Each structure stands twice: as C-alpha cells, then as structure tokens.
Amino acid sequence: MAKTIFISNRLPVSIGIPEAGDSFSITASIGGLATGLKTVHESGKSLWIGWNGIASESIPDSLRIEQEKELLSDFGCIPVYFNASTVETFYEGYCNKTIWPLFHYFTEKTQWSDNLWEDYVTGQKQFLDVLRTVIGPNDTVWIHDYQLMLLPNMIRQEFPEVTIGFFLHIPFPSSEIFRLIPQRKQLLEGLLGANLIGFHTYDYARHFISCTRRILGIESNFGRIAMPSHVAVVDTFPMGIDYERYSDASKEMIANPDMNVLIEKVAGRKIILSVDRLDYTKGIPERIGAFKAFLETNGEYCGKVHLVLIAAPSRSGVEAYQNLQKEVEELVGHVNGKHAHMGWIPIWFFCRPFSFDELVSLYRVSDVLLCTPLRDGMNLVVKEYIAARTDRRGAIVLSETAGAASELGEAFLVNPNDNAAIAHAILQALEMPEAIQADKMSAMQKRIMRYSVQKWSHDFLDRLKNLCEQTERFKQRFMKVSDMDKLVAAYRSAGKRLLVLDYDGTLVPLASLPSQAIPDLQLYSLIEKLSADPKNSVMIISGRKKQELDEWFGMMNITLSAEHGLWLRERGSDWVTSLSIDDSWKKDLLPVLEAYVDRTPGSFIEEKTVGFAWHYRNSEPELAEVRLNELRETLMGYIQNHPMSILSGSKVLELRDANASKGTVLKKLIERHESDFILCAGDDTTDEDMFMVLPDLSWSIRIGETNTKAAYNMASYRDIRVLFERITATE
Ligand code: ADQ
C-alpha cells in the first residue's frame, strides 16, 4: 500500500535517557510541524524519518533496539542515528553556520568551507540510507527544511517514480544574496528534484524562481519548472498554527500559579511581551534598543509598563549564539540599570523556554506583542498570540521582514532596524482604543483560524497529489515503448516514407548562441542512414537561414526548408521560394530592433533574408521579459501596415514574412510525395503549423511537456535519436 513518508531533521518526538542509561522515555512533541502533520500521520499510513535528538554514543545498543521498536510501533517514527561529531559537523556546521545566516541575510556571519559542505552532503546521505529501507515506488515523500535541501534530488536519482514534496521553513533570499554561496547550483538542483517546492510567502517563491533562471538558466512557466524527468512546481503555503489548541486553552485555562504571581506584580501596569528562541535573526538586542528608545521618548510610561522578554536558548554549541546570550544579558542590565526605580524594573528577562500553559497565560494578559525579528521565515508566535486573544484585545507590533507580515496587515508593521519607528508603534499599540483592537483582532483571527496548520499540511499534500495525477495524465501522452513498437512496425511495412524534422530543440539541444547548436557526429550518422534508404524522403524544416542549413546539411541527400518555410531546397536542386518576397519593411524595423539590443544587454539580432530574430537567451531574464513585452507592443503598430508577422520562439522573437509557414510548405510536399508513412517532429509553437496539416494516420511528436496538436510528446531530442536508432537498426 502506498504510504506518505515525512522527513525532517528532528523527529516529532523527544527522547530522554536518564543518567544510568538503562532505560529511556519518549514524548510526543507539540511543535508546529508535528501538530500540522498529526492527522495524516495518525491515520497510520505514514512514517516519519528524522534524528532522535541524542548523540548515538549515549544510547547503548540494547536500548537502541528497544527504542527503535517503540518509536515505530507507537509513533510511526524511524530514527536516523547521528554521533556527536556528526551533530557538530552537520547540524551545527553547514546548516547553521552557512545556510541559516545567509538565508536570513546575515552575510557577515556566514561561513563556507569545503569541509562544511562535505559534511552537509554526508549528513543527508544518512537520511537517504534510512529511507532506502522503507520506501516503495508509489510512496509520497515530504521533506522539511534547510537541513535537507539536497535530499529531493538524491531521492529522485535513485527512485525516479516517487512523488517528492519539499517545504522550506526559513526565508529564501533574493538572488543577490543566494548567488554568494559557492554551492548555489547544487542547492538549487537538490531542491528541483522535488515535484512540489513550498515556501511561506510569495516573495520567497519568487526569489527561488529568479535564482533558478539566473543561476541555472532554467525557465519557469507560472511556477512550473520543466526538469528532464519531471515538472517541479513552486508555490506558496503560509504555515499556520493549531488555532483551536490556543483559543480553547485561552478560554478554559485556570491561570497558571506562576503567572498569577506575575500578573499580581504587574498590578495595573501594561505588559509588552516578546517571545523567541534566542537567535540573532530574531533581533532581540535591537528590540531592547527600541524599547529603551520608547522609554526615553515617552517618559510618562516609565513605571507604567514592563517588557517581558522571553528567550529560549538554542543552538548553544554555535559561537554566534553564545555571544548573543551575553550581549542580551548586558543590554537588559544596561536598560534596567539606567531606567529602573524602586518598585519598578522595566525589562523582565527570562532566558528559558516557557511551557504552553505559561505562554498562553502571558499571551492573554499582554497588552502588546512586540515581535520584531530582523528576518523570519514566518513567525508562529504572532499567530499564537492572535489565537489566544479570545477576548479580542491586545495589539501587535510586527516586523515587516517576518513572513507573517504578508498576512497580518492589521498589525503595526515596522522596520526592525528603525528604533524610532518601533518606539512610535509601541506607543500607538499601547494607546489603541479597545474597539479598534477588537476590530483588528477579529479580522486577523478569521484569517489565522481558516488557514490553520492542519489546513496547511492538507493543502500541501493535496496539491502534491493533484500534481502527480496531472503528470500521470500527461505521461499518457508521452510515447511509450508499445507506441514506439507500433511506429517501427508501420515504418517497416511502408513503401514510401516522409520524415519531416525541425532542427533546434528537436534534433539538437537548444544552445545559448544559435551558432553553437551545430550538428554532431551521431546526428550526421543517423540522418545519413535514414536518407540512404531509397524508400525515405528526409526533410529538415527550420527557422534557420539558408546558408546555415546549406553549410551543415547541403552535402546530404535530404530536402531543406529555411526561414519557417519561406525557402525550399529539394534534393539536388537550388533554393527557391514560391512567395513573392517583399522585404521593404526590414529597413524600417532594423533601427527599432537595434534600440532594443542597446537597452537589453546580452541580446542580439540575427538577420534573415526576409526578417529578423531578436535573441535574448543571454540577457538578464526579468529585464528581457519587460523589453519583450515593450517590443511586441511597438511591433503591433507595424504589423497593420506591413506584410510581416511576429513569432515567439524559445528565447527569441522573430519577425518573418507574413505568408511564410512551415505548414504551407509541408502541405505541398505531402501532396507531392504520396507517402504511406509520415513522421513529423518539432519542439516549438512554429511546428504546430506542421502538425495541423498532417493527414490522419501520420506520426507526430512534440518535444517537451506541453500541450500540442501532435499525437505524442517526448521529453527531449535524445528520445528522437533513440527512435531513429531503432528504425534504422530494424532495416
Ligand atoms: P522558529 O525560528 O523556531 O521556526 P517561530 O515560528 O517563531 O520560530 O517559533 C516556533 C515555535 O517555538 C512556536 O510555537 C513558539 O511558541 C515556540 N517558541 C518560541 N520561543 C519560545 C520560548 N521562548 N519558549 C517556548 N516556546 C517558544 C522556524 C522559522 C520560522 C517559522 C517556523 C515554522 O524560523 O520563521 O515560522 O520555523 O515554519
């Protein structure tokens, strides 16, 4: 039976081993991810692979076996064992010294070295090793987060049929930042192994797409990226929280005794709450600075407000985190030392994690949530605060660089580096009338409630399933071995055959410069064999110029057609055209195109007998797209008055004679040849003109996963060559 396998760096359970080391305890984690995937995971059709959180040296072998059994039977979990050294080199290495800082725009904290990278690769292979023991061909794998960015492609290489999803929980930076990383190509290729790549926000998805274009030169079409073996779809899924858990707890909670003490002490003062993991991305020192600025510019609030600052230590093995703790302690000491007076301490600092009950109690009594990370993939704390405010009170000051900001326009959105703006927002939040608090809070609650973490996970998995069904449907159009067998049989039994082939993208791969896409020896040999058969008429029909086709194929016994059917050179004859050529418009249009070349670095013009091609494959993609639209608009004006037409190809805009068409020339040839076997192959929209004029029972193939009038699709020019190998071998 097909199953779903979740893979994350950590398992959704915590393992505890007491000092004596002769037993262990397992507790289910209540983190966001564990909750989100709970309903799917508990349905019993899934497994979860991840590190169990403790170095393998500290688990005696006997315990390990027991632990594995219990993990599997009670929690559907399969552990990956990391020894202490791997924890340090993998998780605390490339993951947290390279990717984490860089993806959060902390370039100065980013370290890269070959060793770190090697350990990152090796670490992920350990996950693959475990996966190999349980995976089946129809399974779905959902991989989580930046620790495992290479895993999608590792799995794709070994198990091409498996459905793979990936979700990144942290920001995906702009290409200017991402391109700094030496292993940028490997990371992108790693992710592109997935069928679905999910991000919290549209901006992160946009950054990823822009990186694949600029760094790998791979195009996307409405978030779909065609890879050789599959289509990778990029989309946005803003992660939510277990809304009811927070709202129900808030409604039902008998206040936690510790919290009662706190609330009594506060007695009439306002509470500004700040809750994070102790991480430099969260902007805790900057927030303390902004609170200080607030006190200094709003003296009337001294003695009347507390900042309750909760920071749970994390990644304490990494130096940057150890330094951060010291820095925060010093800053808190400094503000308290400077502003406290008898009976009032401005900042209450807690350097420990708070329990769920404690957090909900605090959310309920805090007047303002001050959430100003310098960068945050999403930030769930702000969503938890909203869910816990069943009384529809409270206000939020939120950093515009947190992913959550894109969903929470009602919050006071601030630049986390601007102390004065934060201080002003705190004042506005503290003084916001209750009616407005209620309006804003209920608007945010409706949104957060709707897109809960459960909805998020189902949405992702449903999308993944739909994509795979779509791909399956599409695969039906791809030429299967049985179809190829039929084609070969029809070829063999035919007395007279016509083979019509486009060139670029169909017989050779597309190249950055048209002059680079020259025929290779294998292609020559195949065309030689095909054309040597007296039953065959072979024709190459291309948008290329006569001179190029002559140079490459002039010596062969085949028919050539240049410039999209404008010119025809039948076997042993000269080039002719049946169209009355009017190229008077060329001289008017050349300066227009030249102006676009000047304004679009990397683009160039290829002049043809009747027309031009404006190539922009080597231009900066976004700029080229803007220019392309402008140019099309400009040319529309000319089309009305000149016998020309505009044609969009792969990274090229062509202007050609309005009457030239591959379809027209092919129609003539078909009439003349009276073949009983016709094969036509192309990869471009211009080739659709040919597919449309083919008689019934012809064999037509479009290269690429795209809608077409052709009867079949094939993945690449390589498949056409395989087909030719077969038909030439059978003779
Ligand atoms: P984190 O960086 O851990 O997660 P965040 O989303 O704010 O960031 O918090 C995750 C959870 O930790 C929340 O449930 C929160 O209550 C809890 N938490 C935070 N500080 C705590 C504390 N001091 N005591 C107790 N609990 C605390 C990463 C990304 C985020 C993204 C999440 C989910 O960095 O941007 O929102 O994953 O994708």
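The figures here come from the full heavy-atom set of this structure, side chains too, leaving out hydrogens, waters and symmetry mates. Please read these numbers as outputs of a predicted model, since none were measured by experiment.
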- [ ] Measure the CD1-CG distance between I155 and L131 for me, rounded to the nearest 0.5 Å.
- [x] 5.0 Å
- [ ] For the pair R389 (side chain) and M441 (backbone), establish whether a donor and an acceptor sit closer than 3.5 Å, ignoring hydrogens and angles.
- [x] no
- [ ] Please check if the side chain of S355 supplies one atom and the backbone of E358 the other of a donor-acceptor pair under 3.5 Å.
- [x] yes
TODO: Give the intermediate values and the outcome of side chain to side chain contact (heavy atoms under 4.5 Å, CB included) for residues N195 and V231.
DONE: CA-CA 6 Å; N195 300 84; V231 173; over 6 Å; no
Open item on the list: Walk me through whether D276 and V381 qualify under side chain to side chain contact (heavy atoms under 4.5 Å, CB included).
Closed with: CA-CA 8 Å; D276 306 90; V381 169; 5.9 Å; no
Task: Intermediate values then yes/no, side chain to side chain contact (heavy atoms under 4.5 Å, CB included), F237 and R463 - done: CA-CA 10 Å; F237 303 85; R463 185 78 210 281; 4.0 Å; yes
Open item on the list: Contact between H104 and P171 at the side-chain level, heavy atoms closer than 4.5 Å - yes or no?
Closed with: yes
- [ ] Please report the shortest heavy-atom distance between L398 and A404, naming the atom on each side.
- [x] CD2-C, 4.1 Å
TODO: Determine whether P238 and M378 make a side-chain contact, defined as any pair of heavy atoms from C-beta on separated by less than 4.5 Å.
DONE: yes
Open item on the list: Using a 3.5 Å distance criterion without hydrogens, assess whether the side chain of N96 forms a donor-acceptor pair with backbone atoms of Y91.
Closed with: yes
TODO: Can you see which heavy atom on I209 is nearest to which on G223, and at what distance?
DONE: CD1-CA, 3.9 Å
Task: Donor-acceptor contact below 3.5 Å, side chain S399 vs main chain P373 - done: yes
Open item on the list: If you count every heavy atom of other residues, nucleotides or ligands that lies below 6.0 Å from D114 atom CG, does the total exceed 12?
Closed with: no
Task: Donor-acceptor contact present, side-chain E88 to main-chain G93, <3.5 Å - done: no
Open item on the list: Minimum heavy-atom separation for S406 and T201, please, with both atom names.
Closed with: OG-CG2, 3.9 Å
Open item on the list: Within this structure, what is the OG-CG distance for the pair S8 and L33, rounded to the nearest 0.5 Å?
Closed with: 5.5 Å
TODO: List the steps and the verdict of salt bridge (charged side-chain N to carboxylate O under 4.0 Å, His left out) for E189 and R156.
DONE: CA-CA 11 Å; E189 283 161 359; R156 175 73 57 208; over 6 Å; no
- [ ] Side-chain contact test, heavy atoms from C-beta onward, threshold under 4.5 Å: evaluate it for M239 versus V453 and give yes or no.
- [x] yes
TODO: Verify the neighbour count for atom CD of E319: are there more than 12 heavy atoms of other residues, nucleotides or ligands below 6.0 Å?
DONE: no
Task: D119 and T122: side chain donor to acceptor below 3.5 Å - done: no
Task: Considering all heavy atoms, the nearest G76-H41 contact - done: O-CE1, 3.4 Å
Open item on the list: So which atom in L150 and which in Q124 form the shortest heavy-atom distance, rounded to 0.1 Å?
Closed with: N-OE1, 2.8 Å
Task: Under 3.5 Å: donor-acceptor pair, side chain of S366, backbone of Y363 - done: no
Task: Other residues, nucleotides, ligands: >12 heavy atoms within 6.0 Å of Q445 CD - done: yes
Open item on the list: I'd like to check L191 versus F208 (side-chain heavy atoms, cut-off strictly below 4.5 Å). Are they in contact?
Closed with: yes
Open item on the list: Show, in sequence, the C-alpha distance, side-chain angles and deciding distance for Q157 and N153, and conclude whether the side chain to side chain donor-acceptor pair (under 3.5 Å) test is met.
Closed with: CA-CA 6 Å; Q157 296 305 317; N153 200 33; 3.2 Å; yes
Task: Pair D242-Q454, side-chain donor/acceptor within less than 3.5 Å - done: yes
TODO: Kindly compute the distance separating CD1 (I99) from OH (Y120), expressed to the nearest 0.5 Å.
DONE: 3.5 Å
Open item on the list: Could you check whether any side-chain N or O of E57 sits under 3.5 Å from a backbone N or O of A84, counting only pairs where one atom can act as donor and the other as acceptor?
Closed with: yes
TODO: Return the orientation label for the F167 and F460 ring planes: parallel under 30°, perpendicular over 60°, tilted otherwise.
DONE: perpendicular
- [ ] Check the pair Y246, F356 against ring pair (Phe, Tyr, Trp, His ring centres under 6.0 Å), reporting the backbone distance first and the verdict last.
- [x] CA-CA 9 Å; Y246 285 87; F356 172 77; 5.1 Å; yes
Open item on the list: Which heavy atom of F127 sits nearest to which heavy atom of G50, and what is that distance?
Closed with: CE2-CA, 4.0 Å
Open item on the list: Under a 3.5 Å distance rule, please check whether H230 uses its side chain to pair with a backbone N or O of L192 as donor and acceptor.
Closed with: yes
- [ ] Would you please say whether a donor-acceptor pair under 3.5 Å links the side chains of R375 and T281?
- [x] no
Task: Separation of I5 CD1 from I78 CD1 (nearest 0.5 Å) - done: 7.5 Å
Open item on the list: Would you say CD of E244 has more than 12 non-hydrogen atoms from neighbouring residues, nucleotides or ligands within 6.0 angstrom?
Closed with: no
Open item on the list: Once rounded to the nearest 0.5 Å, what's the spacing between atom CG of L309 and atom CZ of F350?
Closed with: 9.5 Å
Open item on the list: Please check this pair: side chain of K125 against backbone of M154, looking for a donor-acceptor N/O pair closer than 3.5 Å.
Closed with: no
- [ ] Establish, from distance only, whether the side-chain atoms of Y451 and D459 form a donor-acceptor pair under 3.5 Å.
- [x] yes
- [ ] With the side chain counted from C-beta on, respond yes when R287 and S274 share a heavy-atom pair under 4.5 Å apart, and no when they do not.
- [x] yes
- [ ] Check the angle between the aromatic planes of W456 and H144 and answer parallel, tilted or perpendicular using the 30° and 60° thresholds.
- [x] tilted
Task: Value rounded to 0.5 Å, distance of CG in N83 from OG in S56 - done: 5.0 Å
Open item on the list: Do D139 and T4 make a side-chain contact, defined as non-hydrogen atoms from C-beta onward lying under 4.5 Å apart?
Closed with: no
TODO: State whether the number of non-hydrogen atoms from other residues, nucleotides or ligands found under 6.0 Å of K3 atom NZ is greater than 12.
DONE: yes
- [ ] Please examine the side chains of I197 and V233, heavy atoms only from C-beta on, and report whether any two atoms are closer than 4.5 Å.
- [x] no
TODO: Would you mind telling me which of F172, Y146, F199, Y94 makes a ring pair (Phe, Tyr, Trp, His ring centres under 6.0 Å) with F103?
DONE: F172
TODO: Say whether, by atom type as modelled, one donor and one acceptor occur between the side chain of H200 and the main chain of H169 under 3.5 angstrom.
DONE: yes
Task: Residues E176 and S174: side-chain donor-acceptor under 3.5 angstrom - done: no
- [ ] Tell me, please, whether W48 has R10 positioned over its six-membered ring: NZ or CZ under 6.0 Å from the ring centre and within 45 degrees of its axis?
- [x] no
Task: side chain to side chain contact (heavy atoms under 4.5 Å, CB included) between E407 and M444, worked out - done: CA-CA 8 Å; E407 294 168 77; M444 292 190 279; over 6 Å; no
- [ ] Determine, stepwise, if the pair D129 / R132 fulfils salt bridge (charged side-chain N to carboxylate O under 4.0 Å, His left out).
- [x] CA-CA 5 Å; D129 289 342; R132 216 176 267 131; 2.8 Å; yes
- [ ] Would you indicate whether the side-chain heavy atoms of I310 and L362 approach each other to under 4.5 Å?
- [x] yes
Open item on the list: Taking the basic N atoms (NZ, or NE/NH1/NH2) and the acidic carboxylate oxygens, is any pair closer than 4.0 Å for R206 and D203?
Closed with: yes
